[in-house]
Visitor: 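The following block contains the structure, expressed as C-alpha cells.
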2 protein chains.
Amino acid sequence: MAEHISENAPPLPASRSRETVTLADVARAAGVSTMTVSKVLRGTGAISPETQKRIFAAAGSLGYVPNRLAGALSARKSMLGAVLIPSIADAIYSEILSSLHSLLDDASLSLFIAESRMDPQVEERQIHDLLALRPAFLIRSGGIASTAQAQKLIRRMGVAHVQIWDGDDTGGPVSAGPSHIEAGKIAASHFHDLGLRKVAYIGAETGKDLCAGRRMESFAGCMRAKGAETALITDEHLPRQAESGEILTRRLLETYPGIEGIFYLNDAMAIGGLRTLLAAGYRVPDDVKVMGFNGTSREQTIRTRLTTISTDGWKLGQDVANAVLELMAGRSPDQPITCPLTFHRGNTT
Amino acid sequence: MAEHISENAPPLPASRSRETVTLADVARAAGVSTMTVSKVLRGTGAISPETQKRIFAAAGSLGYVPNRLAGALSARKSMLGAVLIPSIADAIYSEILSSLHSLLDDASLSLFIAESRMDPQVEERQIHDLLALRPAFLIRSGGIASTAQAQKLIRRMGVAHVQIWDGDDTGGPVSAGPSHIEAGKIAASHFHDLGLRKVAYIGAETGKDLCAGRRMESFAGCMRAKGAETALITDEHLPRQAESGEILTRRLLETYPGIEGIFYLNDAMAIGGLRTLLAAGYRVPDDVKVMGFNGTSREQTIRTRLTTISTDGWKLGQDVANAVLELMAGRSPDQPITCPLTFHRGNTT
DNA sequence: ATCTCGTTTGTTATCGATAACTCATAAATC
DNA sequence: GATTTATGAGTTATCGATAACAAACGAGAT
C-alpha cells in the first residue's frame, strides 16, 4: 500500500509545456482520475479518507490552483457576480460595494465591478459586457436608465437581477434602496415647518441620475403644494462635488436673491454651498438654511453639523447580498427590502 | 442569392433546451461555420463583407451574447483582471479603483474586485481565489503583507503583477505609489521648522498597514534625529475613521500633556482629532498644530483647511493602468512610476 | 458459493469558444 | 491553357473542468 500510483490508471495526456498545473496533473500525481480529484476538491461525492489525503497532498505540493473559468463553463453555472454602479468613488456606492463584497465573499462569490459614469449608453454597453462573463447575478443601480431590451436580455440569460439605490420603482426587478420621493418630501416638510417661502434645489449631472431627479421633483412638488416656489439650479455637466456646490450656489445668489433655504443634491455639494454662503457673508442658519442628502458629511465636518438625510449603506449592501443569495437559491426574497431614511437636524437649519 | 442558408453546411448539434444562444446558433442562422462567426465577431481573419453582414444580422436578431469565459479558456488568455485592495470604501482606494476602471474598461478589460480588510490572511486567500479566475493581471496594494509563496505563485502563473500605494519598496513586482518614508519626513520637517519639540503620531489598525507603519516610523525617526521625541498613540483594532481620531486624541491628551503637534494617519482621523481638541478648549494652531495625510479633507471641510499631504489618486490609477497594459503587451514599463506627494499648508499648523 | 448492495472510483460526453491547419475557388502569372 | 497565389471558409483538436452514468469491489444475505 506504500505505492499508490496504480498501474492501471488511464493514460492521461502528458503535461503541456505551459507550467500551469491542472486537475490532470494532480490526478496523475495522486494516482487517481481527474474526476476523483474534482470531487475531493469540491467536497462532493464519497471518496475514502486515504484517497482524499493523498489528493490534498498532491494538490498542495504541486501548488494547484483550480481554474474556475473552466469549472464554470463545465458546470454551466458560475460563482461570479457583477456589480454595475454609476460611480465607484462616490462614498455611498463605495460603502454599498464594500458591504456587498463582505457578505458575498463569504459565500465564495467573486465580483466583477463596472462603473457607468451616469451614462445610459455606457450602462447599456457595460450590461452587455458583463453578461458576456456569464455572471450568476447582476446588481445594478436603478438610478441609471437602461433600455427595456437590456432588461429583457438580463432576464433571458437567467441572471439574478437586483436593483439598488432606488426604492421607489416597482414592477421591475427586485429592488432595494431608499425612496427618493420620500426624501424630497422630508426636506420639503422640514423647510415648510421652519416657515420658509423662498427655497432652492441645487443639483448636478441633471437628467442622468434618475434618483436625484426624483428627489428634486418630489421636493419642488411638495413645496409647491405648500404654496412655496422652488428655484432649481442645476447643471448637466458639473460633477456632484463640493466645488460644484460652490459654483452653483454663487449662481443661485446672483439669480435669486432672498433665498431662505437650499436643499442640495448631496452633502458634498452642500458643504461647497456652505463655503460660498459663509464667504458671501450669509449667516447659516439665520439667513439661509442648508440641507444635504446622504449623510456622508457627518464623518467629515468639524464644527458644522449639516442637516441631512442619511441611509445606512452598509445595511443596504447586506440586504442586497442576502437577496442575491436567495435569488440564486431559486427562492424569491419574500419581504421587500426596506431602506429607511434618517433625518438629522444639525446646525445648518 | 436571396437564400444564403447553404445546404452543405455541416450538421451542427441541435440547440440545447437551454435558451442560451451560442456561436453555433448564430452560425446555423447565418449558414456558416462557427469559426467564421468567431472570426467576424472578433474582427480577426479575412471574411467577405456580405458574409460579415449576414453574421452580424444573425447575431443581432438572435440576441447573441458571447461567452467570454469559454473564449478565455479556449484562447488560453483572458481579458480579465483583478484588483485587490485593503478597503473599497476608503476614499483613496476608491478613487484609484475608479481611475483604473476608466482606462482598463476602454481596453475591454473586465475587473474583479476584492477587499482584504487589511488582513494578511484574507489577503492570502483572496490572492488564491483571484488566481483561480485566471486573470491576465493582478493589481494589489503593497501595504498588506503577503507571503513569499503567494508572490511566487503569482509569478509562476504568469500574471502581470503591479503593486500600488507603496512607492518605497523595491526589488519586488512593478510598484507604484507615494513614498511613505518621504511623507513622514515631510511631516517631521514641517513640525521641526515650526519649532515643535513635543509631538505625537496618531494611528489606527496598527501593524496591518505597512505603509502607514512606514510613515509613522519615518516621522518618529526624523523627529528623533532632530532631537524631538514622538508620542505614538495607536490602536490595533480601531478603524481609521474620524471617530477613532476623537478617541485616540482624547487618550493622547490624558497621557501626554503639553503636546505641540500631532501627525495623524489620515485626514479623517485628523478631522476627528480637531473635534476633540476644539471641544477640549485647545486652540488650533496656536496651542496644537495638526496635520493629516491623503488630502481627502480638502473636499469636505468648510472653514478649516487641514495641513495635509496629498497624492493624486486619479493619476496614480491611470499610471498603473498603463503599466498593466504595457506588461500585458509583453513590454516591461521602462520608467518607474512616480507618485509625487504634495504638501498643503492649511490653517491647522 | 451465489447474489444483491452500497461504497469508491473511472469513463464518456460536453460546455462554448479559439488556434492552427486544410481545402476550395477565383484571380493572377507565364 | 497550366500553374501559382491570394482569399474566404471549414475541420479538427483542445482548453480545464464537471455531470451523468458505469464499473469494480468487498461485505453481508441467502
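Keep in mind that the numbers below use all heavy atoms, side chains included, and drop hydrogens, waters and symmetry copies. Just so we're on the same page: letters track the sequence lines, and every chain starts at 1.
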Visitor: How close or far is atom P of C:dT9 from atom NZ of A:K53, stated in whole angstroms?
Guide: 13 Å
Visitor: Do B:L23 and B:Y64 have side chains that approach each other closer than 4.5 Å (heavy atoms only, starting at C-beta)?
Guide: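 Counting from C-beta outward, B:L23 and B:Y64 do come under 4.5 Å.
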Visitor: Please state how far atom CD1 in A:I47 lies from atom P in C:dT9, giving the value in whole angstrom units.
Guide: 5 Å
Visitor: Looking at B:T36 and D:dA9, is any side-chain donor or acceptor paired with a base atom of the opposite kind under 3.5 Å?
Guide: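 When only heavy-atom distances are counted, B:T36 does not reach the base of D:dA9 through any donor-acceptor pair under 3.5 Å.
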Visitor: Write down the distance between CD (A:E50) and C1' (C:dT8), rounded to a whole number of angstrom.
Guide: 11 Å
Visitor: Quick one: does B:Q126's side chain have a donor or acceptor within less than 3.5 Å of a partner on B:E115's backbone?
Guide: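 Judged by distance alone, yes, a pair lies under 3.5 Å.
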Visitor: Between P on D:dC15 and CG on A:N67, what's the gap in Å once rounded to a whole number?
Guide: 12 Å
Visitor: Looking only at side chains, do A:E124 and A:T147 share a donor and an acceptor under 3.5 Å apart?
Guide: yes
Visitor: When we call it a touch if two heavy atoms are under 4.0 Å apart, what does B:R68 touch: a base, just sugar-phosphate, or nothing?
Guide: nothing
Visitor: Can you tell me how far P of C:dA20 sits from NZ of B:K77, to the nearest Å?
Guide: 11 Å
Visitor: Just the rounded figure in Å: distance from P of C:dG16 to CG of B:D25.
Guide: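 The distance from CG of B:D25 to P of C:dG16 comes to 9 Å, rounded to the nearest Å.
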Visitor: Taking atom P of C:dT18 as reference, at what distance in whole Å does atom CZ of B:R134 sit?
Guide: 19 Å
Visitor: Please work out if B:T51 contacts a base, only the sugar-phosphate, or nothing of the nucleic acid, heavy-atom cut-off 4.0 Å.
Guide: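 Here B:T51 touches the backbone only, sparing every base.
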Visitor: Considering heavy-atom distances to DNA chain C, does A:M35 or A:P49 have its closest nucleotide positioned more toward the 5' end?
Guide: A:P49
Visitor: Can you find a donor-acceptor N/O pair under 3.5 angstrom joining the side chain of A:K39 to the base of C:dG10?
Guide: yes
